[in-house]
Amino acid sequence: MEETYKVLSSTRCISLLKADLPLNLRQVVLAVLESGLDSTFDVRITKLNYIYKLELIEHNRQENFTVCHCFSTDTISVSSDNYTYETISLPHLESLYHLATEI
């Protein structure tokens with residue numbers, strides 16, 4: 001199952017995700033959202049079997065940046081450190097895309 005949401009405020013994003021986030025992701029995801037109160041977010045949630053993926057694209061016009069926050073975990077484990085988290089800037093992501101298309 002995949003769900004996508006466009007241009008949400010930080011507050012709206014928190015209310016959307018808070019109830020559904022796996023426990024081991026809740027603290028780190030909420031910290032990202034709470035630190036971006038001037039930002040808007042595009043959100044994609046993917047749930048496949050026991051895998052939960054969350055991709056947030058943060059747009060901040062005041063500080064002029066866009067970054068991608070990517071989270072992944074399995075929902076079987078209850079360990080608080082069992083997740084991956086990467087933050088990558090949009091220019092860096094574009095550079096990686098171009099590199100990958102040249103291979």
Just so I know, are the side chains of V43 and C13 near enough to count as touching, which here means a heavy-atom distance under 4.5 Å? yes
Quick check: do F71 and L56 have side-chain heavy atoms less than 4.5 Å from each other? yes
Trace of the side chain to side chain contact (heavy atoms under 4.5 Å, CB included) decision for I51 with K53: CA-CA 7 Å; I51 302 299; K53 294 181 185 177; 4.0 Å; yes
Side chains of Y5 and L16: does their closest heavy-atom pair fall under 4.5 Å? yes
Y52 versus T46: any side-chain heavy-atom pair under 4.5 Å? no
Would you say N60's side chain and Q62's backbone share a donor-acceptor pair under 3.5 angstrom? yes
If hydrophobic clusters are built by linking Ile, Leu, Val, Met, Phe, Trp and Tyr wherever their side-chain heavy atoms come under 4.5 Å apart, do Y85 and L23 end up in the same one? no
E94, CD: over 12 other non-hydrogen atoms inside 6.0 angstrom: yes
Ignoring hydrogens and angles, tell me if any N or O in the side chain of N24 forms a donor-acceptor pair with the backbone of N82 under 3.5 Å. yes
Do R44 and E3 touch side chain to side chain, with heavy atoms closer than 4.5 Å? no
When you compare the side chain of L90 with that of F65, does any pair of heavy atoms fall below 4.5 Å? no
Within this structure, what is the SG-CD distance for the pair C68 and E86, rounded to the nearest 0.5 Å? 11.5 Å
If the test is side chain to side chain donor-acceptor pair (under 3.5 Å), which one of D38, T40, D42, N64 qualifies with H59? D42
Steps toward side chain to side chain contact (heavy atoms under 4.5 Å, CB included) verdict (L25, L30): CA-CA 8 Å; L25 287 182; L30 293 179; over 6 Å; no
D20 with K47: basic N within carboxylate O range, under 4.0 Å: yes
What's the separation between atom NZ in K6 and atom CD1 in I57, rounded to the nearest 0.5 Å? 7.0 Å
Does one side chain, of H69 or E58, offer a donor that lies under 3.5 Å from an acceptor on the other? yes
Measure the shortest side-chain to side-chain distance between I45 and E2 over non-hydrogen atoms and say whether it is less than 4.5 angstrom. no
Full working for side chain to side chain contact (heavy atoms under 4.5 Å, CB included) between I88 and V67: CA-CA 6 Å; I88 189 167; V67 294; over 6 Å; no
Within a strict 4.5 Å, meaning less than it, do heavy atoms of the F41 and S10 side chains meet? yes
From NE2 (H92) to OG1 (T87), nearest 0.5 Å: 12.0 Å
Determine whether the side chains of S95 and Y97 contain a donor N or O and an acceptor N or O closer than 3.5 Å. no
